[in-house]
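This report concerns only the one structure given below.
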Amino acid sequence: MRRFRSDFLHELESRGYIHQVSEPEALDELFLRERVTAYVGFDCTADSLHVGHLVSIMMLRILERTGHRPIALVGGGTTKVGDPSGRDESRQLLSEEQIERNKAGLRRSLGKFLDFEKGSVLLLDNAEWLDELRYIPFLREVGTHFTINRMLTFDSVRLRLEREQPLTFLEFNYMIMQAYDFLQLARRWNCRLQMGGSDQWGNIVNGIELARRIDGRHLFALTTPLITTASGQKMGKTAAGAVWLNADRLPPFDYYQFWRNTEDGDVGRFLRLFTELPLAEIERLEKLEGAELNEAKKILAFEATALCHGREEAEKAAAAARALFERGATPREGLPVVELDRARLAQGIPVIELFQLAGLVPSNSEARRLVRARGARLNNRLVEDETMVVDLGALEDGALELAAGKKRHVLVRPV
RNA sequence: GGAGGGGUGGCCGAGCGGUCAAAGGCAGCAGACUGUAAAUCUGCCGACGAACGUCUACGUAGGUUCGAAUCCUACCCCCUCCA
């Protein structure tokens, strides 16, 4: 008894990806009938995607796996405008150079999950059509189909106005740009469906509307639920910041640890959303009780890390974690590495500073507190003297292993 | 334009001349317990410093005072009511 007959929608539905769909039956019909092109847009606001984007990325993978054609659209053009959705303040305007850098970072993030080389998965940039727009012709073609009356009712602008927060004319145009994207993709690639987070519903519907009015096209929308943790937090937002997908932002070991530390109540849901294990397997895993559930968490962590960083990195991270938490040995392979100037170490560096250089604490005071709280370890030995100075003599196997608390470990290597 | 209220640490929020680096809560960090979970308990939680302590910080800029987050003046911003 399935609600959807098409593989794609059925798969999404059974793994918990669907929040809203426009015309479910018609879309299902479409997926049964033909190879469908669908897209997700990603703004270039940072130089890496993070786990918050993962749901969308996974959908593109499923789309491909079920025989359809995914488009990952990078917002090289729209980022110059800035999406006001869910924000009380204007985004800071990014320079063109910054956007270019971010774009390159996004390509790397996406490239980990989607293979753009073989041609069945497309990577496009909306700067391609947005940069070229001419104001008056654009207003005449597109602007006539939007009424201000209606635009004011969309959450993205309404909420801002209700809170009496300024909304610039630039930002006000964002939804038009995004609608226009959908129109362009429909025309150029016969793209029929746009997917995104639940906050994108309004923007997507605008695109559907626009394409219907101008071209008489029939397009669809599908949004994913906002993923929160069992204790109600927005997922992937730790206090330390976002959980990044690019390794230069967050080492694979830390990425693995993020998943390894999933709350009990989230394991099943996360396995469904963030791994590609068969559902039967997941049902078995989520039934595990008590400490047994840790096995499921390890599988979740491994699978999620393998998807993002490859199986080899996932193995290393898993091995490092195993040695660190299960045997107490010193497993260096797989730990995040920080490089340190050899000459500087030769002169001697106070431990306090060393912890700061390793990025484990933001200030000397913080490092001092860590030592006093008996949470600082050097080469697996508790650091008791905060005035201790570390030099080359402290190297073990050519490196220093620093730990802040039980979970945060770093390998400092002199170069 | 008029009247009143307010701007305090990442957030909320007390303080209303000295004992204020600023109560309390949340968030965070570490420790204990445990299953690398959750919950709970304990400690920490501006920077620099081994330490005495020093510096920076209560919207901004000045001032009064031995001494100001606290009083005065100007300015900026927010909220409520009236026009």
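Heavy atoms only: backbone and side chains are in, while hydrogens, waters and symmetry mates are out. The sequence lines fix the lettering, A, B, ..., with proteins before strands; numbering per chain opens at 1.
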Short question: side chain of A:Asn379, backbone of A:Glu396 - any donor-acceptor pair under 3.5 Å?
->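 Here the side-chain-to-backbone pair does not exist.
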Does [N] have OP1 or OP2 sitting under 4.0 Å from an N or O in the side chain of [X]?
X	N	answer
A:Arg372	B:A51	yes
A:Ser365	B:C45	no
A:Asn294	B:A37	no
A:Arg369	B:G43	no

Within 6.0 angstrom of A:Arg65 CZ, more than 12 heavy atoms from elsewhere =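 Enclosed.
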More than 12 heavy atoms of other residues, nucleotides or ligands under 6.0 Å from CZ of A:Arg311: is that the case?
->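 No.
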With a 6.0 Å cut-off on ring centres, are A:Phe4 and A:Phe31 close enough?
->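 Centroid separation for A:Phe4 and A:Phe31: 6.0 Å or greater.
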A:Asn203, A:Asn126, A:Ile176, A:Leu210 screened by side chain to side chain contact (heavy atoms under 4.5 Å, CB included) with A:Asp181, the one that passes |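 It is A:Asn126, the one option of A:Asn203, A:Asn126, A:Ile176, A:Leu210 that forms the side chain to side chain contact (heavy atoms under 4.5 Å, CB included) with A:Asp181.
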For nucleotides 30-34 of chain B, which of its nitrogen or oxygen atoms have a protein nitrogen or oxygen under 3.5 Å away, and what is each distance?
unit_1	atom_1	unit_2	atom_2	d
B:A30	OP1	A:Ala404	O	3.3
B:A30	OP1	A:Arg408	NH1	2.7
B:A30	O2'	A:Ala373	O	2.7
B:A32	OP2	A:Lys406	NZ	3.0

Whole angstrom value for the distance that separates P of B:A38 from CD of A:Glu292 |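 That distance rounds to 19 Å.
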Taking for each residue the nucleotide of RNA chain B with the nearest heavy atom, is it A:Thr262 or A:Pro362 whose nucleotide lies nearer the 5' end?
->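 With A:Thr262 and A:Pro362 compared, the 5'-side residue is A:Thr262.
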With Watson-Crick and G-U wobble geometry limited to distances under 3.5 Å, how should the secondary structure of RNA chain B be encoded in dot-bracket form, using | for bases paired to another strand and [ ] for crossing pairs?
-> ((((((((.[[[..)..(.....]]].(((((.......))))).(((....)))...[[[[[..)....]]]]]))))))).
Shortest side-chain distance from [X], nucleotide among [options]:
X	options	value
A:Ala291	B:G35, B:G49, B:A50	B:G35
A:Glu263	B:A51, B:A37, B:G35	B:A37
A:Arg260	B:U36, B:C44, B:A37	B:U36
A:Gln257	B:G46, B:A50, B:U36	B:U36

Does any N or O donor sit under 3.5 Å from an N or O acceptor when you compare the side chain of A:Asp264 with the base of B:G35?
->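 Under the 3.5 Å cut-off, the side chain and the base do form a donor-acceptor pair.
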Lys/Arg-Asp/Glu bridge criterion (N-O < 4.0 Å) met for A:Glu64, A:Arg61 |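 Looking at A:Arg61 together with A:Glu64, the answer is no, because their closest N to O distance does not fall below 4.0 Å.
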A:Gln184 and A:Glu128 side chains, donor-acceptor separation under 3.5 Å =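 Per modelled atom types, A:Glu128 and A:Gln184 side chains form no pair under 3.5 Å.
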Out of A:Arg369, A:Arg374, A:Arg372, which one pairs with A:Glu386 under the salt bridge (Lys or Arg N to Asp or Glu O under 4.0 Å) rule?
->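 One option only clears the test, and that one is A:Arg372.
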pair A:Tyr17-A:Ile62: side-chain heavy atoms closer than 4.5 Å |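 Touching, per the 4.5 Å side-chain cut-off.
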